[in-house]
**Q** 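Before we start, here is the structure in question, set down as structure tokens.
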Amino acid sequence: MVTSNENVILKSESVGDSDSAIEVVELIKHFSSKKESEAVKAVDGLSFSIKKGEIFGLLGPNGAGKTTLIRMLVGLLKPTSGKFLFNGEELNINSSKLKNVIGYVPQEAAFWKDLTVYENLSTIGTTYKIPNKELKERIDHLLEGLYLVEHKKKKASKLSGGMQRRLNLAMGMVHHPQILLLDEVFVGLDPQTRNYLYDYLKDFASKDNKTIIITSHLMEIVDALSDRVGILDLGKMLAVDTPENLKNTHGKGDILQLEIDKDFDDSLVSKIDKSVADVSIEKNEQNLVVKTLNAIAKLPEILNIVEAEGFTVQDVKLTKQSLETVFISLTGKELRV
Amino acid sequence: MDEKKNIQNKFVSITQNIGYEFRTTLKLSLKYLKEIFRSKLFFIIAILLPAILMIFMGVIFGGPISAVQSFSILVVNEDAGYTNDTITYTFGESLIGTLETITYPVEEGEEPMNLFYVYESEYYNQSVEDYLIYEEHGLHLTLIIPENFSEMIFSFDNDITVTVVGDSTTGDYQSAVTAFGSIYDDFVGAVRLSLGDTTGHTIIVENFIDIVGNTTVFDLMVPGFVIIGIVMNIVFVSSILTEEYEQKTLEKLQLTPMRTIHLLGGLAISQLLVALVQIIVLFALSLAFGYNAIGSFVLAGIIIWIMSLSMSAIGMIIAAFSKKATIASSISSVVAIPLYMITFFPVWGMSTIPMFEINGNVFGVFDILPTNLATNMVNSVMIYGQTFADIQFEFVSLIIVTAIYLIIGLVLISLLKLRPKKE
């Protein structure tokens, strides 16, 4: 049984690995505060690596340290300690080499609202020193791929939310980065735009061995898009593997969450554990969290035991086996949106 | 051979890089220009507001300074006199004598001042008047006493007419005419009374002419108004940069190979172009409202143009410490007010405290403010007709002060806004 307190720190097997696009080594970020109790360890000794050409999903509840990690990787935030290597090389946080390698698409769409779509892309593209002709070709290609051609002369402020997010994405990709970091880019998108982005990113990654790191609350997208997934909580990486392996290793079937009317002790937990076959059970505050295959079939038996012990079940929540169940299993909590 | 090729390649690469550096700066400057000219707020604050102020002041203060205490008057006495019972009366001369003796008290214990300083001429023409205007710097009125002046006074029931010539657009002329009219009335009334008659009226015929060279309050204010427009650019620069920060576009630029110099260089270039538009529009308006400038508009424009760079730098300094555009524009407005007030200090004759002296040229405390230096210079050029040679010290001071402000702005933005954050 894996509890929320158990931390799995994954060490980088070989620092300076030429197959790795990014290697994070013992990375720490502490946010200090005047009151010691309010100081936060946002990233707590992270070590992991991401291979070239890989789409890497990063999952974690709010405050897990995902955005902090990404902002450090792109050079917007200074780490307290630790280092990272890009393509096996340790680069200065301000070096233009690093800036040419990395593309970052932040959670909040950021663009110049009084400029048109084309002007936004052309301005950001020029700062990457891309020759004029090539830049124009790249912009046209991006506009086409992200269905923005018809809107290229529109002021960015006049675009719909979905289009603004696509523009945001295009601005992070105009310099053809080897490594693309996407922070919650699917949030707030209508299904159609979400599908555009999904296909576009799949296509982008499949060409030229590009690496993508993506954080999202949308498990099914991360599940479908990622080659590997890392689960982060309280600044620590709890697990890193392919979605399939994670489900097989940590999923162990469906998850039943039973909200009990009053406080209960471990005797109820052990009673169910002994009476019902093939279940893994734990207490999480006033909830009983039961992990088992085919949970629906076992639910009446579990309810009987709870009632026999003098408790009432106020609410039952069933989560079928998925990346989300892996997440709950590892962190002990749901992914908060 | 290989070495030659290497050098050649290196040269090409360096040239290409310089080209890219310029292209980045120019692209960012173009971006800022588009943002500025597409903003209605810019048009209102930078062009419309100073323009309205200019028009308003042009109408109100288009007249000259009327703070003079004595009037200079040119008298052309054509009076032939009048003989009655073998006695010849020359009332024209008597009137001149009266004008010369009228005084008014200034302070207790001090000598009273003459109300009129009278210059006499045997005949009237424009060149006489011009001569006096330029030689004495301040002829306010010309009085022409007609040939039959004495005769008119004796011809009871007739009106007694004199002619005055002056520039009706100036306040001093109007004050001088009023003062003269009152004395003239008293004089004719007293003479008529002594002759035993009180009938008849005095008439003053006014001939208006344009006198070039009279400085009006508006003339003194024009440089200030143009400079106010430029000072408002502090608000634009600080708001634009803080908005970039607030809306995370600065962060987006921070992720690119762009450097601080590209960003701020681009912003400064855009502001120079904005300032150029402002200078042309505001000087054109001032001319339309009767700005009597005798100096070089080009030199004045260049001075204000350089000053505009320091305003951009002050905007950058404010932006470095601001996290929200609203806060930045509030701070900028607060900073702009004293800068704008100080612009008028030299106009009102307020002295500055000297900081140091180089070859007899004094650098005052207020000279650390570019607006002060610029206003002094523009007034010297436009009102007193000074040339570049006369204002060299102030001009170099302005360039140095502007460069210092720019360096401070560059360093602060780089340290506080474009470095990876610690928190």
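Just so it is clear: chains get the letters A, B, ... in the order the sequence lines come, proteins before strands, and each one is counted from 1.
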**Q** So which of B/Arg259, B/Glu35, B/His262, B/Met258 has the biggest tally of heavy-atom pairs under 4.5 Å with chain A?
**A** B/Glu35
**Q** Using a 4.5 Å cut-off on heavy atoms from C-beta on, say whether the side chain of B/Ile230 contacts that of B/Met307.
**A**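 The answer is yes, as the side chains (C-beta and beyond) meet within the 4.5 Å cut-off.
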**Q** Taking the cut-offs as 6.0 angstrom to the six-membered ring centre and 45 degrees off its axis, would you call A/Lys99 and A/Tyr128 a cation-pi pair?
**A**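 Negative - A/Lys99 is either too far from the ring of A/Tyr128 or too far off its axis.
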**Q** Is A/Ser122 close to chain B through its backbone or its side chain, or both, or neither, when contacts mean heavy atoms under 4.5 Å?
**A**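 Contact with chain B is through both the backbone and side chain of A/Ser122.
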**Q** Would you mind checking which part of A/Asn132 comes under 4.5 Å of any heavy atom in chain B, side chain (CB onward), backbone (N, CA, C, O), both or neither?
**A** both
**Q** Who wins among B/Arg23, B/Arg419, B/Glu21 for the most heavy-atom pairs under 4.5 Å with chain A?
**A** B/Arg23
**Q** Quick one about B/Asn233 and B/Gln278 (side-chain donor to acceptor, distance below 3.5 Å, no hydrogens or angles considered), yes or no?
**A**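 A pair is found: one side chain offers a donor N or O, the other an acceptor, under 3.5 Å apart.
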**Q** Shortest non-hydrogen contact from A/Val43 to A/Met72?
**A** CG2-CE, 3.7 Å
**Q** When heavy-atom pairs shorter than 4.5 Å are enumerated against chain B, which of A/Asn100, A/Ile102, A/Leu77 gives the highest number?
**A** A/Leu77
**Q** Pick whichever of B/Thr24, B/Thr25, B/Thr249 has the most heavy-atom pairs under 4.5 Å with chain A.
**A**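 Option with the top pair count is B/Thr249.
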**Q** Counting only heavy atoms closer than 4.5 Å, note whether A/Pro106 contacts chain B via side chain, backbone, both or neither.
**A**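 A/Pro106 touches chain B through side-chain heavy atoms alone.
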**Q** Between A/Glu26 and A/Leu46, is there a side-chain heavy-atom distance shorter than 4.5 Å?
**A**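 Not touching, per the 4.5 Å side-chain cut-off.
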**Q** At a heavy-atom separation under 4.5 Å, does A/Ser32 approach chain B through its side chain, its backbone, both, or neither?
**A**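 Looking at A/Ser32, backbone and side chain both touch chain B.
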**Q** How long is the straight-line distance from CG of A/Asn62 back to OG1 of A/Thr67, given to the nearest 0.5 Å?
**A**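 CG of A/Asn62 is found 8.5 Å from OG1 of A/Thr67.
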**Q** Evaluate the side-chain proximity of A/Ile212 to A/Leu201: yes if any heavy-atom separation is below 4.5 Å, no if none is.
**A** yes
**Q** For chain B, find which of A/Trp112, A/Phe31, A/Tyr104 contributes the most heavy-atom pairs closer than 4.5 angstrom.
**A** A/Trp112
**Q** I need the minimum non-hydrogen distance between B/Gly266 and B/Tyr32, along with the two atoms involved.
**A** C-CD1, 4.1 Å
**Q** Hey, are A/Glu89 and A/Lys97 close enough for a salt bridge, meaning a charged N less than 4.0 Å from a carboxylate O?
**A**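 Looking at A/Glu89 and A/Lys97, the cut-off is met.
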**Q** Taking 4.0 angstrom as the limit, do A/Lys153 and A/Glu119 come out as a salt bridge?
**A** no
**Q** Would you say the side-chain atoms of B/Ser238 and B/Ser332 include a donor-acceptor pair closer than 3.5 Å?
**A** yes
**Q** Which one wins on heavy-atom pair count under 4.5 Å against chain A: B/Gln247, B/Lys248, B/Lys34, B/Lys31?
**A** B/Lys31
**Q** So, B/Arg38 and A/Asp114, do they make that salt bridge, N to O below 4.0 Å?
**A**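 No.
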**Q** If you count heavy-atom pairs under 4.5 Å with chain A, which of B/Glu244, B/Lys252, B/Glu243, B/Gln254 comes out on top?
**A**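 Top option by heavy-atom pairs under 4.5 Å: B/Lys252.
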**Q** Which residues from residues 134-151 of chain A are near chain B, with near meaning under 4.5 Å between non-hydrogen atoms?
**A** none
**Q** Need one label for B/Leu30: side chain, backbone, both or neither, based on atoms under 4.5 Å from any heavy atom in chain A.
**A** neither
